[in-house]
Amino acid sequence: MPDEPLYNFYTDDGHERLTYAQYLQQKLLRSRINNRKSYARFIMGREIFCFAKSEIRDNKPIRDTFMGAQEEFKKCPIRWFDPSGPGARAFLNDTTSEIKALIGPNQTGKTATGVIDDILDIVPCDPKWEIFTQYGVTWRPWRGDDRPIILATLNYTWKHVNSINWPRLKQWIPGEFLSDKMSERHSINWERQLSAPLTCGSEVFFGAYGQDAEMYEGFVWTTVHWDEQGVEAHFDGADQRVSTQGWTPEHKFTLTPHVVEGRPDTGAGSWLYEMFEEGQNKGKTISKYKLSLGHVPDWIMPETKKEEKKQAWIIQPRKQGNWKRYREGRSRIYGEWHVAGGLVYDEWVREVHCIDPFDIPNEWTLYRGIDFGTRHPFVCIWLAVSPDQDIYLFDELYSVEETMEENALLVIEQSGNARRKVESYQDANGRQFDCFEEIQNNMRFERTVMDPKSFATPDRLFARKTIGDMMKMFGLPVRAAPTHNATQRIPLIKPYLDVDYSLKHPFTEKMGKPRVFVFNTLKHFVREIERRKWDQPRFGRRDDKLKETPEKKNDDTQNAWEYAMLIPPRYFPPSDRYNEDEPETKRAVRNARTGY
């Protein structure tokens, strides 16, 4: 086992050599190093300089020591880079994997480590630098004599590129490799400039994930640094060219695997999760490395700050039962894949929304939502609304390969009701059909709705009759749900799943109460809501925002309950329940505009 590294501390009291464990026991030293108000500090690898500002001002030897360290560092910053932990070190030493990733929490130096990896590729390095001789990073022979090395460094938006990628690169690259123009300018609009030539012949290309996929296919890069979570279509486009260059690594990722707002293709369930965790490697050799919050030195992130983060993201949410924040916290603090990534309803928490079944009280208001299917399953979801206006999904029908009439009868029977014949119907071809109505003597429903498209187009087997008409004829009193596509209706429904942690859960007695509860017997519904994802993002040419549309799978039960949720379902006292004799227009206006 290698010896624990020693750090040199230069302070007002002199010079000390300590292991990191010994440093953590030095309360006075730690308080000075993290007191930015009264003390000035400078980190140069494992050399830490920390002096009182008054001493730097008044004491020339101390001032010369402090300023001399800064001047030495500026000559060649990368020389003094000390990786944070074994994961970062192993990432830097991997030059054989075609794709590699450094995965870790926020603010742990992922991007900086990735930038160092970039610099080791694009400029010639001296094997005598401390990064190689003392800090455990393997020296790389220069590979840029035969051909120019073109690095692409990418991020979410141009704002990220200009404020993160370029400043980090400029911070660590030896100044001799930057042109005079590049070294003098603090900020550059890379959306206009796009690339920076280096004096050693290499070139750095900058890009944002909001650019068209065609851009990623049009340039030939040697290697690509994807900071945070890139877009799969862009990766595929870039890989067509990068894979022909014979360079390893072809792609490197530095990321925190949490869900990014506006990026449904991030976190667990994303394409990157499938690549690094589920073996969908696109035919490449892949390696992943982990960064830990515990490996970040106290002078980068104080131990007290780490503990505050754990309290805010892990400990308190767990005590409060705030599982959504807890899951996000596991990603932000421990670098775990955020399980909400890519899910349409990322508000869903099984421990909160799922409950044991019970007998629905007779006075509650009932609804049904139906997603009609022939090639796809025919689905019905039963909902009940309590006097507190809480919504309960209490039953489901998931029918495959049944006829239209058989499905109508299944819904009626599963409701505990019956049907009776009221008349006969003869279509234009002379075929005779019996017409039924549902006798709601067990469950009485305020409304039963289904896909509005079912009322728009006549069924090809029944002249002049739509699917909705036929379901009515077979006994189900269905109506068309409000006309919204999935992209429009999902944002209207999401708030129902939000958990209010100021309220107590009526079944678990823990803090945290949603407006929708689901019986745990609805196996198909639970499976689909936990698997339904947003489709791959679609970027505009100069637009960093996504057009979100759900995938066309895992949506049968979801469509059914969404149709019902758009009514919207509300509790009505028995005296104000739906009356078959009430005019349709009167009731429709009351529900749609006021909910009463």
Side-chain angles (χ1 to χ4, degrees), residues 345 347-348 352-355 357-371 379-397 411 415-417 438 440 442-452 455 468 476-484 486 488-500 502-507 512-519 522 525 529 557-596:
Y345 290 111
E347 300 80 4
W348 170 266
V352 175
H353 292 95
C354 263
I355 60 174
F358 59 86
D359 291 334
I360 299 295
N362 292 331
E363 67 271 18
W364 288 13
T365 310
L366 305 183
Y367 298 85
R368 291 179 296 207
I370 294 175
D371 183 38
V379 174
C380 181
I381 297 293
W382 281 256
L383 301 85
V385 186
S386 71
D388 294 329
Q389 303 297 350
D390 290 330
I391 299 170
Y392 294 80
L393 279 61
F394 67 92
D395 204 358
E396 68 177 3
L397 171 66
V411 172
S415 302
N417 296 333
E438 182 178 13
Q440 298 189 359
N442 181 54
M443 293 185 185
R444 186 170 180 81
F445 294 91
E446 178 71 11
R447 184 162 296 188
T448 301
V449 296
M450 62 189 299
D451 185 348
F455 292 85
L476 274 180
V478 292
R479 302 185 187 184
T483 305
H484 294 288
Q488 294 169 327
R489 64 179 181 256
I490 288 169
L492 301 176
I493 296 169
K494 276 175 161 287
Y496 286 94
L497 289 170
D498 282 336
V499 181
D500 186 343
S502 68
L503 301 177
K504 183 177 290 187
H505 195 288
F507 300 94
K513 175 182 177 295
R515 297 170 63 189
V516 170
F517 299 90
V518 179
F519 282 11
L522 275 65
F525 179 91
I529 199 171
T557 63
Q558 303 305 290
N559 290 334
W561 90 290
E562 288 169 2
Y563 297 148
M565 292 297 291
L566 291 177
I567 294 173
R570 290 185 59 84
Y571 171 80
F572 296 105
S575 60
D576 195 29
R577 296 286 167 81
Y578 172 67
N579 188 329
E580 292 286 350
D581 298 328
E582 185 177 14
E584 178 84 13
T585 54
K586 176 181 176 182
R587 189 61 178 186
V589 169
R590 180 173 61 189
N591 271 347
R593 296 187 180 177
T594 69
Y596 291 98

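Just so it is clear, the values below take in all heavy atoms, side chains as well, and ignore hydrogens, waters and symmetry mates. We're numbering straight along the sequence, starting at 1.
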>> Which heavy atom of K513 sits nearest to which heavy atom of D390, and what is that distance?
In response: NZ-OD1, 2.8 Å
> Can you check whether K494 reaches D498 side chain to side chain, under 4.5 Å on heavy atoms?
Replying inline: no
> Rounded to the nearest 0.5 Å, how far does CG of L522 lie from CG of D395?
Replying inline: 6.5 Å
>> Do W348 and P514 have side chains that approach each other closer than 4.5 Å (heavy atoms only, starting at C-beta)?
In response: no
> Is there side-chain contact between V499 and H505, with at least one heavy-atom pair below 4.5 Å?
Replying inline: no
> Shortest non-hydrogen contact from V385 to Y571?
Replying inline: CG1-N, 3.3 Å
> Who pairs with D451 by salt bridge (charged side-chain N to carboxylate O under 4.0 Å, His left out), at least two apart in sequence or on another chain?
Replying inline: none
> Counting distance only, does the side-chain N/O of E363 pair as donor-acceptor with the main-chain N or O of P573 below 3.5 Å?
Replying inline: no
>> Working to the nearest 0.5 angstrom, can you tell me the gap between Y367 OH and L393 CG?
In response: 13.0 Å
>> Less than 4.5 Å apart, side chain to side chain, heavy atoms only: is that true for V379 and N559?
In response: no
>> Tell me whether Y563 contacts the main-chain N or O of R368 through its side chain, where contact means a donor paired with an acceptor under 3.5 Å.
In response: no
>> Once rounded to the nearest 0.5 Å, what's the spacing between atom CD1 of I493 and atom CZ of R489?
In response: 7.0 Å
> For the residue pair P482 and L566, what are the closest heavy atoms and their distance?
Replying inline: CG-O, 3.3 Å
>> Could you check whether any side-chain heavy atom of I355 comes within less than 4.5 Å of a side-chain heavy atom of F394, counting everything from C-beta outward?
In response: no
> Can you tell me how far the CZ atom of R515 sits from the CD1 atom of I391, to the nearest 0.5 Å?
Replying inline: 6.5 Å
>> Counting C-beta onward and ignoring hydrogens, is there a side-chain heavy-atom pair between W364 and P387 closer than 4.5 Å?
In response: yes
>> Working to the nearest 0.5 angstrom, can you tell me the gap between M565 CE and L497 CG?
In response: 7.5 Å
>> Is it the case that the ring center of F517 lies less than 6.0 angstrom away from the ring center of F358?
In response: no
>> Does any part of the side chain of W561, heavy atoms only, come nearer than 4.5 Å to the side chain of V516, both counted from C-beta?
In response: yes
> So which heavy atom on F519 is nearest to which on I360, and how close?
Replying inline: CZ-CD1, 3.8 Å
> So, for G416 and N442, which heavy atoms are closest and what is the spacing to 0.1 Å?
Replying inline: O-CB, 3.0 Å
> Short question: side chain of S415, backbone of M443 - any donor-acceptor pair under 3.5 Å?
Replying inline: no
> If you look at every heavy atom in F455 and G468, which pair is closest and at what distance?
Replying inline: CE2-CA, 3.6 Å
>> Could you check whether any side-chain N or O of E438 sits under 3.5 Å from a backbone N or O of N417, counting only pairs where one atom can act as donor and the other as acceptor?
In response: no
> Is the NZ atom of K504 crowded by more than 12 outside heavy atoms at less than 6.0 Å?
Replying inline: no
>> Using 0.5 Å steps for rounding, measure from the CD atom of Q558 to the CG atom of D371.
In response: 10.5 Å
> Would you say the side chain of I370 lies within less than 4.5 Å of the side chain of L476, judging by non-hydrogen atoms?
Replying inline: yes
> Would you say E562's side chain and A486's backbone share a donor-acceptor pair under 3.5 angstrom?
Replying inline: no
